[in-house]
**Q** 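Quick one: the structure is below, and I'll ask about it shortly.
What you see is a predicted model; the values in this text were computed from it and never measured.
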Amino acid sequence: MPLVFLFIFCCIVPLSADELPLYIPSDNFAFDCSPSYPSSDFKSTFASEKSFSFSSVSRTYALDPHYRDGEPKISACVFRKQNTYPFSVSTGPKFVRLYFKPMAYPGLMLSKALFSVSIDRYRVLTTSEGSYSKLPSDVSYFVRELCINVDSQILNVTFTPSSKISGSYAFFNKIEIVSMPSNLYIREDAPLPLIGQPSSYVMDNSTALELMYRINIGGELIPQPEDTGMFRLWTSDADYFVSDEAETSIIQSDVEIKSSSLGPAFAAPVQVYASARTVQGGSASNYSSRWSFPVDFGFYYLVRLHFCEISRRIQSEGQRVFRVYISNQSAEEHADIFHWSHGAGIPIFRDYIVNFSRPGDGIKYLSIATASDYGSYEGEGPILNGLEIFKLSDHFNNLAGNYPFGVRNSHLNVSDSKDHSSDDRVFTGVAYVLGWSVLVMNILFCFSLVVSNFKGHREKLKQGQSSNNCRIFSVAEIKSATNNFADTLLIGTGGFGMVYKGTIDGGTINVAIKRANPSSHQGFKEFQTEISMLSELRHSHLVSLIGYSMEDKEMILVYDYMARGTLRDHLYKSQKPPLPWKQRLKICIGAARGLHYLHTGAKGVIIHRDIKSTNILLDDKWVAKVSDFGLSKAGSSSLTQSKTKTHVSTMVKGTFGYLDPEYYRRQKLTEKSDVYSFGVVLFEILCARPAVLPMGEIEEEEEYEKASLAEWALHCCQMGTIEREIDPYLEGKIDPECFRIFTDIAKKCLAEKGIERPSMGDVLCNLELAMQKQNAADLLVEMGTKEAKMKLNGEACIEIEEGQCISSYNSN
């Protein structure tokens, strides 16, 4: 067992079904931005009214369209200069909950609500214009819940409007402060396992936490009054649970949830431990369950898993044993709840740390998975009762990510509860900021699941492939081709595994060999999809699959070798020279031809589902080829021709930054989803920047609005400033008419609704027209106006070599 697991932290939680212990917080109050404030109830919460300038704050009402009797229920505090709310509190750890309802308040433009929020020394939120572009309007409030240790008797909450944008203002709707027990979340007495690393992580009271998710696994929403005294909201796991093929079920406790004196109380309400989700069916080694949660890059995360053995069938250790994976890394190899808690019906929780602090493209997907262990009690699958995920402040006391109101549209629309307290200090039924619903990038398929049925899968796959289209290699041949997977031949890594350069057929053919990583979150399903798709497809702008190997528990794919690597390798974060504009246009046209073939020329419709610059490869002649079909979805011609069926209902998969927002919202996939992703690639090529800026590259507040390339490009196109955003290398090198055609079609690809986007055929035609305009302009410069017109002679030149038009069509 790795050293990291020697530091597992385990607490017994004393909960009883008969008598639930309630924590009595020393501080429990809220500040509401009602225009009738201040009242006597709230004045006492401030350390000094002289230290807070009430005169600088305006309070406003707005009509909530979802309030039944039509009364104005949403009130906000608005101010145009920095203000600090100094609350008088006791020392110790606190929940601080900030409530926001971004909407059109009277006389205010929402786009000017540009501000930052700090709590004591911690920066917790920064907004930009992009923060409001796609927020749902039917959410009661967006809530930011912080856990902060207060070492003095003053807690300062500071709102700072941006000083760089004229007319900026700050706002909030409510602030709630509730004490919590010491050592409930920040525990200094034990190191926590750092997932995937042979080391541990120690938190101290200088660490602040931000709630990302608080989930009642397998149960219903638990409103704030039913918590253990701290008014936490526990939501259902329905939007985050991923079930691929296994039969899942929710089980209820048939044992008494017992009290215990072995650890801190109040960890979770009894309802959390009284139900669980499990997976039934199959042998003890071939079923699992998984949850997927989007979170910000650039931070460490605390993951707390709540367990309780609730089946009377489990009467001793070793009868329910399973594995736990966090972020596709092993967290528990031999989880035995009965052993941990010394009995059934006794709740426990375990804490782990996940490191996502390295720079990345905006969002990372944190997965939690449980899988049956060999020899576990037959018929009793792995269980999980609840979980919490917290973001940890970094070394600069920062918690502010790219998405101040949640990870891009993340919300749960929870109606306000009727169980308000009499003084309205507890805001129940709050729509917590909780992550994208059912956004699943990949499938966790533990390698042991492949092992158990490997021979059957291999034979089935062999039967489905044509020997003429797809060769079957032995592992010995693959090892010979790669010098036994020599590190010197490693040319890349991906979600599936390592990619090596190799040679086959006596060293006469160069190939790229992709070898599955046993710990990868991709598995046999993606492997099979790649083979079944590419073995039937042959096109000059699609990467060709030469063959595969499936021996000795290996999953290996063999492709044509693409000598110049990925398109992104030549755009940014690279030492390679920048590509000329016409070279970029030619690559765009080639990729568009490949996608157009997938949508219209293949057997039925094929939707790629993961178009991005790293999945467009370049051969030695700079020919663009679309690659990586592991997430592709096959449809039929009805997808484009039928009026009754225009989509495939499917689980959302793809890459953040390129993902079609309509596909995300409706979970209905069409070929227009590829068009959206390709639109992002077009702007990526034009601007030479990532689809999502990493947190580490955002230094100024106003740069947050540029985080999403798609949103920023659309904004610039609307404002007429897109030419300012292009790659500096291209300045002055693009014909104006070519630039107009290119940006117009790229903008149309990013239309909010798929029906408003062009087809890939239309995209291709426009890109070819843009190339014609650029070639014509180049000829005019190179040969002179009169001579160039004679040279073209009414033909639209698509491609020029050495001053000669070698490819054209009649422009009349």
**Q** Looking only at non-hydrogen atoms, find the nearest pair between K625 and M562 and report the distance.
**A** CD-SD, 3.4 Å
**Q** Of the non-hydrogen atoms in K747 and C717, which two are nearest, and what is the gap between them?
**A** CD-CB, 3.7 Å
**Q** Looking just at side-chain N and O atoms, do T566 and D569 make a donor-acceptor pair shorter than 3.5 Å?
**A** yes
**Q** Strictly by modelled atom types, are R609 and Y663 linked by a side-chain donor-acceptor pair under 3.5 Å?
**A** yes
**Q** Please confirm whether the backbone N or O of G761 pairs with a side-chain atom of H599, one donor and one acceptor, at under 3.5 Å?
**A** no
**Q** Are the side chain of S673 and the backbone N or O of L669 linked by a donor-acceptor pair below 3.5 Å?
**A** no
**Q** Would you kindly check if the NZ (Lys) or CZ (Arg) of K612 is within the cone defined by 45 degrees around the ring axis of Y658 and under 6.0 Å from the six-membered ring centre?
**A** no
**Q** Give the minimum heavy-atom separation between L545 and I531, together with the two atoms involved.
**A** CD2-CA, 3.8 Å
**Q** Is any side-chain heavy atom of K582 less than 4.5 Å from a side-chain heavy atom of N775?
**A** yes
**Q** Should the ring pair H570 and W622 be called parallel, tilted or perpendicular, given that the plane angle runs from 0 to 90° and is split at 30 and 60?
**A** perpendicular
**Q** Could you check if a side-chain atom of Y572 sits within less than 4.5 angstrom of a side-chain atom of E684, using non-hydrogen atoms only?
**A** yes
**Q** Compare all side-chain heavy atoms of E662 with those of E752 and state whether any distance is below 4.5 angstrom.
**A** no
**Q** I need the minimum non-hydrogen distance between Y676 and A751, along with the two atoms involved.
**A** CD1-O, 4.3 Å
**Q** Using a 3.5 Å distance criterion without hydrogens, assess whether the side chain of N615 forms a donor-acceptor pair with backbone atoms of D610.
**A** yes
**Q** Which heavy atom in E129 sits nearest to a heavy atom in L114, and how many Å separate them?
**A** N-CD2, 3.4 Å
**Q** Just wondering, do N766 and K748 contact through their side chains at under 4.5 Å, heavy atoms?
**A** no
**Q** Going by ring pair (Phe, Tyr, Trp, His ring centres under 6.0 Å), name the pairs with one or both residues in residues 720-742, residues two or more places apart or in two chains.
**A** W581-F742
**Q** Is the shortest heavy-atom distance from the side chain of Y597 to the side chain of H541 under 4.5 Å?
**A** no
**Q** Which atoms form the tightest heavy-atom contact between T482 and F485, and what is the distance?
**A** OG1-N, 2.9 Å
**Q** For a 4.5 angstrom cut-off between non-hydrogen side-chain atoms, does T503 reach T508?
**A** no
**Q** In this structure, are over 12 heavy atoms from other groups packed under 6.0 Å from Q718 atom CD?
**A** no
**Q** Is NZ or CZ of K391 both nearer than 6.0 Å to the six-membered ring centre of F299 and within 45° of the ring axis?
**A** yes
